[in-house]
S.K.: 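Shown below is the structure under consideration.
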Amino acid sequence: MSATPELVIKDLHVGIEGKEILKGLNLEVKRGEIHALMGPNGSGKSTLANTLMGHPKYEVTSGEILFKGESLLEMEADERSRAGLFMAFQYPVAIPGLSVANFLRTALNARLAPSENDGSGAVPKKRGIAPKEFRALLKEKMALLKMDESFAGRYLNDGFSGGEKKRAEILQMAVLKPEIAIMDETDSGLDIDALRIVSDGVNALAGPGMGVLVITHYQRILNYIKPHKVHVMVDGRIQISGGPELALQLESRGYDWVRNGKEAVAR
Amino acid sequence: MSKPETPTLDLRESYTEKYGFHDEEQHVFKSRRGLDREIVAQISDMKGEPQWMREYRLKALEIFEKKPMPTWGPDLSTIDFQNIYYYVKPTSEESKTWEDVPADMKRTFDKLGIPEAEQKFLAGVGAQYDSEVVYHKIQEKLEKQGVLFLSCDHGLKEHEELFKQYFGTVIPSADNKFAALNSAVWSGGSFIYVPKGVHVDVPLQAYFRINTKDMGQFERTLIIVDEGAYVHYVEGCLPAGEQVSLGHTWVNIETVDRGDVVMDSNGRESRVASTRVLPYKGDMLTIVPLSSANVFRLTPEHPVLTVRRRDVAARRAPRGNWKPEVSSVRLRAAEPEFVPAGQLEAGDFLVFPVSRITRENEALTRDVVRLLGYYLAEGSTYIHKRLHQPVVTLTFSERERESIDEVKALIHAVTGKRAIEVAQPSRHAVNLVVYSQHLRDLCIAHCGQGAAEKRLSREIMELPADLQAQLLETYLKGDGSVYRKRKHTMARACTVSRTLAWQLQELIARQGHFATINVRKGGPDTIQGRAMKRRDQYILYFSHDKQQSQVRKCEDYFLVPINRIDRNPFDGPVFNFELESSPNAYVAGGFAVHNCTAPTYSSDSLHSAVVEIIVKANARCRYTTIQNWSNNVYNLVTKRALAYRDATMEWVDWNLGSKITQKYPSVYMMEPGAHGEILSIAFAGKGQHQDAGGKVIHCAPNTTSKIVSKSISKDGGRAGYRGLVKVQKGAVDCRSNVNCDALILDEASRSDTYPYMEIEEDKVTIGHEATVSKIGDEQLFYLQSRGIGKDEAAGMIVSGFIEPIVKELPMEYAVEMNRLIQLQMEGSVG
Ligand SMILES: Nc1ncnc2c1ncn2[C@@H]1O[C@H](COP(=O)(O)OP(=O)(O)OP(=O)(O)O)[C@@H](O)[C@H]1O
Ligand SMILES: [Mg+2]
């Protein structure tokens, strides 16, 4: 494991449409670590995730995000992705007409031949993974997440159930193999069995090579994906951080406890 | 002269490069511009048609003339019907093997991959070039089963009974203005008959190409699918290149007359193998040579045949303001080379090649040529209003007795008629007048008409030099003056026709002299007390016996120094020519350059087809169109099918190209159980307006229909759906479903939806859904967050949008279609 964390967020301030949402957030995530991020609705968790991924709507007004020692702020979302960052969306959008397989192959090829997909508009040359190899890879990852093979041919998120969408997000993560992955409420919408399957999948991928930031409201997923650290975010800042037990305490005491108690829990 | 390598311009592969070339215009017949009874009759005559068809055409012309232009939909007011060539016959015969197709055309179709496609996945192919089908072939197996797949013209010739039974029954001439136009001037297209129960499993395809500038293509298609039969017909309309060509022996893009062969930098004839048009933004150079009228423009990277002054400088210190002096010996010995225009400097020498193209012409005798020289200077011709007589007159000064007598003799020798001499003492002039159609024709054919339009014919330009000398001599007696300056004889000529000035320069070069041309700018002036607007005058100077000091004559070219080079910003299309010869270089402004120069015109073509289809009981017909015309084509097409009991008609209609498209394929469900389906895709980019859609008419009970429309607009384009669902009285238990989706790629673009319903029965089920979406930031972000670049992501969203329709295409087309869409999408998301 490397000494400097792959992801370093320093005093991050983010606004959207003139309103400040993140108000000085600090966080570090290393490969091999699993962090849980909890916090009340509207506290800014998704804002953080989207900002990290480079959504153009979110404006970084001050602070710094370093990924593997380099600033992410000047990079477009696709560059961040190719650099090894991944976000599983809270609300994945549908792309009608684009099959899951086609999409994933393009995405995979984009990182195999990054220079040819630099956004210059050049038609990418036919390089990258061979179709047969890709089919095998996709099959393997779908098996890992116990997804029916027919999903490969379906249009991306089009008509997917809530749970299917979440599973498809993790499938993408499995295929793209990021170094740092952010999972924004991947657990919501999953039934009990699906939660276990998806968690198993994440655990199989996580390990020394990948760091994960799990955004969630519920302790349950943390029973499967064991976090090293738990952070609680309130009003655009991380109010409190601790070990796995923090999540359990939250579950029983609620967020007011954090809002009022502040330093009540040891770090 | 050196043989430089053809510079390969490393340009991004683009749509234009794939299709944007054009062939040299080569036709066996071309009607004059415009439309009237005579043109229609001429087309009919050329085709040797039965009388009924001739009358049908003439009747349709009357309807066309009476019908007003449609007042709804895209603006068509810019179509100039009288500027169009309505009939251009490219070859004398239709071929059954590609080997028999003339090389030029075959090359076109080769480039477009058609013979290859035929072998791979088609049951039959027709290829239309301008007005006529040049190739038509169907698999033998199908022929044996009685399937007919012919050009419409051959359909009429060989199967007149069948043809006559159906022609014009689905779309009568009076249906709309453009159907009437097509009915009057139709030519080419396909005639298909599929006998009872025969299934044609692989598609029949026809390709259409417009090559001639300002041309109208009016193909006509008639398809009859007999009971229980099946056919899939595909038409691909391929874009013509922007129509720029090179002129007579020298190149002057502004005055080009297409159809001419080009002179290459060696002074030999060469064919334009292809042309390409590319957008260009950057510096445009204007190179002003010693002869200032020979100015030409090009982009800095384009090579120009040159001798650099610094390479031939004399070993002498420069004097004062003078450019470094050159050594004549070194200059003449220097091998010209191609240098990018951007590196040129004032003082460098351009190569002015002298044409070596010579053709004898029996009609142009010494007498005729001398007479034409006089005419060029002094003559005019007109039709005498009262007498209705063709008149040619030449005006001389009283003092030119010798010339007057010679002209009288020449007129007699050429026409057999005596010229009348009319004295005009007040003006000290003498007019010679002769009533002769023959002479009038000769003069117009070889000298043009009107002072500013004077130009010499190609025949004159290619005569042997000694005959050309005759013309120059008599011409200079009129418009010129010959005078002595110091010890030398100088000649000066003056004309308001730019074309003529350049041609004279060329003729003089063939005599071994370099003439400079200078322009005296026109403008307001007072002539004999009257305010006039004077035209630009081109003044030629040359000497018979003295070399101009700054110009050097080499064996077959002149070296002419550059006086000045201007650099100006330019934003517009530039053209690129490829010649067949080596060097791949031509002549611009009189000087040898390598391709790419600024065009000064663009013009529009008209494509107005009529397609009639009859699908009999239990039969099925699918008609796929891949419309990909270049962006100067008005595409106004009427397509209609009649579907009988339990028959199915499907239109798959792709509109990617053209300037304006108006097309609403329709299905009339005539008997119970009939089914009609229309899939329409329109993609409008910059400057394009796609008004597409479809019509389904339920004429009988228990009929079903479906319309799916997808339109995409970007870069300020307009794409839309215009459609009609009609249920006639009595057509109960019908079902119809309309679904139109629009995708708008940017703020500047627009989408319109005009769904019309005319439902005259209650017991029917009609569904209508319409969505308009903008390429969402969320969708783009989603794909980008997976590492896919923005442009590619946008392309994927568009491809996804049309995927349900692409799926309906045979695989080969689907692949091509996706490629075209990706090309259209390049660089489109900001
Ligand atoms: N696109 C947007 N436009 C306007 N306001 C936004 C936008 N995105 C987020 N916000 C606002 O920013 C604040 C933080 O939202 P965010 O989605 O980051 O919260 P969250 O912590 O992820 O909440 P949840 O637990 O409900 O997912 C909220 O007040 C939200 O309304
Ligand atoms: Mg959220």
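All values derive from a computational prediction rather than experimental measurement. So you know, we letter chains A, B, ... as the sequences are listed, proteins then strands, and number each from 1.
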S.K.: Distance-only check: which donor-acceptor pairs under 3.5 Å involve side-chain atoms of residues 130-149 of chain A, not counting sequence neighbours?
M.R.:
from: A:D148; atom 1: OD1; to: A:S150; atom 2: N; distance (Å): 2.9
from: A:D148; atom 1: OD1; to: A:S150; atom 2: OG; distance (Å): 2.8

S.K.: Tell me the residues of residues 14-22 of chain A whose non-hydrogen atoms fall below 4.5 Å from those of chain B, in number order.
M.R.: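 Hits under 4.5 Å: none found.
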S.K.: Is it true that B:N655 and B:Q690 share a donor-acceptor pair across their side chains at a distance under 3.5 Å?
M.R.: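 Not at all, the side chains of B:Q690 and B:N655 share no donor-acceptor pair under 3.5 Å.
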S.K.: State whether a side-chain donor-acceptor pair under 3.5 Å links B:S680 with B:D653.
M.R.: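 Absent: no donor and acceptor within the cut-off.
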S.K.: Just by distance, no angles: are the side chains of A:S71 and A:E64 close enough, under 3.5 Å, to form a donor-acceptor pair?
M.R.: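 A pair is found: one side chain offers a donor N or O, the other an acceptor, under 3.5 Å apart.
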S.K.: Salt bridge or not between A:R31 and A:E6? Use side-chain N to carboxylate O under 4.0 Å.
M.R.: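 Salt bridge flag = yes for A:E6 with A:R31.
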S.K.: Using a strict cut-off of less than 4.0 Å between a Lys/Arg side-chain nitrogen and an Asp/Glu carboxylate oxygen, indicate whether A:R80 and A:D78 qualify as a salt bridge.
M.R.: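 Salt bridge flag = no for A:D78 with A:R80.
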S.K.: Please flag which part of A:P178 lies under 4.5 Å from any non-hydrogen atom of chain B: side chain, backbone, both or neither.
M.R.: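 Interface part for A:P178: neither.
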S.K.: At a heavy-atom separation under 4.5 Å, does A:E79 approach chain B through its side chain, its backbone, both, or neither?
M.R.: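 The answer is neither part of A:E79.
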S.K.: Relative to chain A, which segment of B:Y782 carries a heavy atom at a distance below 4.5 Å: side chain, backbone, both, or neither?
M.R.: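 Contact with chain A is through both the backbone and side chain of B:Y782.
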S.K.: For A:E70, give me all partners under salt bridge (charged side-chain N to carboxylate O under 4.0 Å, His left out), at least two apart in sequence or on another chain.
M.R.: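 Residues passing salt bridge (charged side-chain N to carboxylate O under 4.0 Å, His left out) with A:E70: none at all.
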S.K.: Ring centres under 6.0 Å, that's the criterion: do B:F781 and A:F89 meet it?
M.R.: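 Ring-ring flag for B:F781/A:F89: true, centres closer than 6.0 Å.
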S.K.: Just wondering, are more than 12 heavy atoms of other shown residues or ligands nearer than 6.0 Å to CZ in A:R154?
M.R.: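 Above 12, so yes.
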S.K.: Between B:D741 and B:K710, does any side-chain N to carboxylate O distance fall below 4.0 Å?
M.R.: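 Looking at B:D741 and B:K710, the cut-off is met.
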S.K.: Under a plain distance cut-off of 3.5 Å, with no hydrogens placed, do B:S749 and B:R718 share a side-chain donor-acceptor pair?
M.R.: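 There is no such pair (donor and acceptor under 3.5 Å, judged by atom type) between the side chains of B:R718 and B:S749.
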S.K.: Below 4.5 Å from any heavy atom of chain B, which atoms of A:F103 appear? Answer side chain, backbone, both or neither.
M.R.: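 For A:F103, the contact with chain B is made by backbone and side chain together.
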S.K.: Under 3.5 Å, is there a donor on one side chain and an acceptor on the other for B:E778 and A:H55?
M.R.: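 Note: B:E778 and A:H55 side chains meet the donor-acceptor criterion.
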S.K.: In terms of heavy-atom proximity below 4.5 Å to chain B, should A:A83 be classed as side chain, backbone, both, or neither?
M.R.: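 Answer is neither: A:A83 stays 4.5 Å or more from chain B.
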S.K.: Could you name the residues of residues 156-176 of chain A that have a heavy atom within less than 4.5 Å of a heavy atom in chain B?
M.R.: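 Contacts with chain B: A:L156, A:N157, A:E169, A:Q172, A:L176.
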